[in-house]
Amino acid sequence: MRKVALCLVLVSAFISSVDAENLVAVPQLQTRVTDLTGTLSASENAELSKILADYEKEKGSQIAVLILPSTRPETIEQYSIRVAEQWKIGRKGVDDGVLLIVAKEDRKLRIEVGYGLEGVLPDAKAKDIIDEVIVPYFKNGDFYGGVKIGVETIIATIKNEPLPPPKFKPDAKFAKQAATAIGMGIVVSLIVGAILSALPVIRHLIALTIYLVILYFVGLLFGSSMASLVHAGITGLFLLGVRYLGGTSAGKAWNSDSSSSWSSSSSSSSSSWSSSGSSSDSDSSSTSGGGGSFGGGGASGSW
């Protein structure tokens, strides 16, 4: 009996190892919408990615879509949890990630829900979204329409859940914009500051207004984001004040002691901003997991 039991264990282990070699690999997470079937056009993929990116920026929660041919030999539930464990979408400790997986050849789909959203998106609700919202589109061959309305329904369901606000993370594009706006703000500040120091006091207000208007359009031209304008405005106004004070006795004393340090600090600041913004600009499609956890919550369906 012991020999028979040992043989069964060895056979089982061999079968498991063979199955493991045949498992569908989990693709690397690079975009919010991963289509391995060519079902979505480039414009459809871009539109879905933008919807997900805008929601993540607003709320912090991460939602990802994966369309693949098949999960066989695994069930979609087994494969989905492997994807969730590897991608780790959602914020660490908040666990507010959602996966929408479609196995096209298997005619199966699943919504995998992170721990932090299981209260607002329980299994029954996920099942309703699949059966009543997504599947009718899939049955008509409209996969893009089904995925889009599914994503929008998931967002509408979880968007009012009280979760921690998203943390601001400046990307390469933002850094580049801010660096350019700050640099132009410094240049405009020095030029206009020199003009102000030579004008009578009565005309200072008019000149300052003109300066702010110029600075605003410089920010729009080179920064295009409100944050860049704020950076440029703060930098420009501060330098303008220093330059204007240079015309007074107190300002001259302060200016003479600090002009060299201002020069070195401003150049080093510009250098560091430029280097941080030298990498390629990110877009709405690129993403990475935030460390979220999943416990198998969600629902599956077919069409």
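Numbers for residues simply follow the sequence, beginning at 1.
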- Task: Could you state whether L36 and V33 fall into the same hydrophobic cluster, counting links through intermediate Ile, Leu, Val, Met, Phe, Trp or Tyr residues with side-chain heavy atoms under 4.5 angstrom apart?
- Result: no
- Nearest 0.5 Å please: distance from the CD atom of E161 over to the NZ atom of K59. 10.5 Å
- Find out if a path of hydrophobic residues (ILVMFWY) with successive side-chain heavy-atom gaps under 4.5 Å connects V98 to I101. no
- Message: Determine whether a donor-acceptor pair (N or O, by modelled atom type, separation under 3.5 Å) exists between the side chain of D96 and the backbone of R91.
- Response: yes
- Message: For a quick test of reading the model, state the closest non-hydrogen atom pair linking S61 to Y55 and the distance between them.
- Response: CB-CE2, 3.6 Å
- Query: If you group Ile, Leu, Val, Met, Phe, Trp and Tyr by side-chain heavy-atom gaps below 4.5 Å, do L121 and I134 land in one group?
  - Reply: yes
- Note on the structure: Nearest heavy-atom contact between E47 and Y144 is OE1-OH, 2.7 Å
- Task: Please identify each residue that fulfils side chain to side chain contact (heavy atoms under 4.5 Å, CB included) with V24, with sequence neighbours left out.
- Result: L68, Y79
- Least distance between heavy atoms, A299 atom then I130 atom: O-CD1, 3.3 Å
- Just wondering, do N45 and T31 contact through their side chains at under 4.5 Å, heavy atoms? no
- Item | Chi angles and distances behind the side chain to side chain contact (heavy atoms under 4.5 Å, CB included) call for F294, I89 | CA-CA 9 Å; F294 290 75; I89 63 169; 3.8 Å; yes
- Do you reckon L40 sits in the same ILVMFWY cluster as V135, going by side-chain contacts under 4.5 Å, direct or chained? yes
- Query: Should the ring pair F143 and F138 be called parallel, tilted or perpendicular, given that the plane angle runs from 0 to 90° and is split at 30 and 60?
  - Reply: tilted
- Please walk me through it: do W87 and L66 pass side chain to side chain contact (heavy atoms under 4.5 Å, CB included)? CA-CA 11 Å; W87 283 9; L66 171 59; 4.0 Å; yes
- Item | Nearest-0.5 Å distance, CG of residue L29 to CG of residue L99 | 9.0 Å
- Query: Is a side-chain donor-acceptor pair under 3.5 Å present for T157 with K125?
  - Reply: no
- Within the side chain of Q78, is there an N or O that forms a donor-acceptor pair under 3.5 Å with the backbone of T75? yes
- Item | Separation between CG of L109 and CD1 of I129, rounded to the nearest 0.5 Å | 11.0 Å
- Query: So, do L117 and D95 sit near enough that their side-chain heavy atoms are less than 4.5 Å apart?
  - Reply: no
- Between T71 and K108, does a side chain to side chain contact (heavy atoms under 4.5 Å, CB included) hold up when you go through it step by step? CA-CA 9 Å; T71 66; K108 303 283 187 182; over 6 Å; no
- Taking W303 for its side chain and G141 for its backbone only, find out whether a donor-acceptor pair lies under 3.5 Å. no
- Message: Please report the interatomic distance CZ(R32) to OG(S49), rounded to the nearest 0.5 Å.
- Response: 7.5 Å
- Message: I'd like to know whether I51 forms a side chain to side chain contact (heavy atoms under 4.5 Å, CB included) with I155, so could you lay out the CA-CA distance, the side-chain angles of the two residues, the decisive distance to 0.1 Å, and finally the verdict.
- Response: CA-CA 9 Å; I51 291 172; I155 289 175; 3.8 Å; yes
- Note on the structure: One should read off an interatomic distance between S300 OG and E112 CD, to the nearest 0.5 angstrom, of 7.5 Å
- What's the shortest heavy-atom distance between R110 and I76, and which atoms? N-CD1, 3.7 Å
- Message: Closer than 4.0 angstrom, basic N to acidic O: yes or no for K127 and D123?
- Response: no
- For the residue pair I158 and L163, establish whether any side-chain heavy-atom pair is separated by less than 4.5 Å. no
- Message: Rounded at 0.5 Å granularity, tell me how far CD1 in I67 sits from CG in L48.
- Response: 8.0 Å
- Here the pair of heavy atoms bringing D35 nearest to T37 is OD1-OG1, 2.7 Å
- Query: Side-chain heavy atoms under 4.5 angstrom apart, residues restricted to Ile, Leu, Val, Met, Phe, Trp, Tyr: same cluster for V113 and Y115?
  - Reply: no
- Closest approach of E105 to S70 (non-hydrogen atoms, all atoms of both residues): OE1-CB, 4.3 Å
- Any salt bridge (charged side-chain N to carboxylate O under 4.0 Å, His left out) involving residues 67-77? Give me the pairs, sequence neighbours left out, ordered by first then second residue. R72-D106, E74-R82
